[in-house]
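Below is one structure, written out as C-alpha cells, with a few remarks after it.
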Amino acid sequence: MKAKFDEIVSKNNATKRVKVLEFTNKIPELMSISDLVVTKPGGMTTTESLASGLPMLIINPIPGQEEENAEFLESKGVGIWLKKNDDISSVINNLLSNPEKLAKMKQNTKLLGNINSTKDICEILL
C-alpha cells in the first residue's frame, strides 16, 4: 500500500508537501504537523486524530468495532473509508486537489472531537 501512495504523491507533484510513512513511534509529533492521516480506525488512533484535528483516510478496518468507527467517521464528515474496490488514486487525487473539502473535514473533526473529555470525566467523578 505504501508504494501505491508514494506513486500517487509523485504523480501529483506533491513530494514536497506529502510524506508517506510506514511504522513510526513519533505519532504525536507527526500528528501535530500533519493535515491528514491514512490509518485503520482503531479506537486510539481515531481518538488521537480527532484530538489533533486530523481528517482521516480510513483503510482496512477489521469487522466489528473498526468497521463501525469507519461508518461513523464517514457519516460525520471527518473520514473517507477507502474500500477494497475503490480507486485509491481517484480518492486521494480528489482530496489533494480540493483543499476546501480537506478544510471542511478538518473543521468537522473539531466539531466532533472533545479535547476536554478527560477533564470532563474527572469533574463528573469528583
Mark yes or no for whether Asn98, through its side chain, and Lys101, through its backbone, hold a donor-acceptor pair below 3.5 Å. yes

Whether Lys110 side chain and Gly53 backbone form a donor-acceptor pair below 3.5 Å: no

The reported gap from OG in Ser89 to CG in Asn12 (rounded to nearest 0.5 angstrom) is 8.5 Å

Distance col, row Leu73:CG vs Ser75:OG, nearest 0.5 angstrom, shows 7.5 Å

Of all heavy-atom pairs linking Thr24 and Ile27, the shortest is CG2-CD1, 3.8 Å

Give a yes or no on this: more than 12 heavy atoms of other residues, nucleotides or ligands lie within 6.0 Å of atom NZ of Lys19. no

Legend entry - Whether Ser52 side chain and Ser49 backbone form a donor-acceptor pair below 3.5 Å: no

What one should report as the nearest heavy-atom pair of Lys40 and Ile62 is NZ-CG2, 3.6 Å

Q. Is a donor on one side and an acceptor on the other found under 3.5 Å between the side chain of Thr45 and the backbone of Pro41?
A. no

Quiz item: Salt bridge check: are Lys104 and Glu100 linked by an N-O gap of less than 4.0 Å?
Solution: no

Here the gap from Leu82 atom CG to Glu74 atom CD, rounded to the nearest 0.5 Å, amounts to 9.0 Å

- Task: Spell out, as yes or no, whether a donor-acceptor pair under 3.5 Å connects the side chain of Thr46 to the backbone of Gly42.
- Result: yes

Determine whether more than 12 heavy atoms belonging to other residues, nucleotides or ligands lie under 6.0 Å from atom NZ of Lys16. no

Here the pair of heavy atoms bringing Arg17 nearest to Leu96 is NH2-O, 3.8 Å

query = Backbone N or O of Val78 within a donor-acceptor pair of the Asn108 side chain at under 3.5 Å?
reply = no

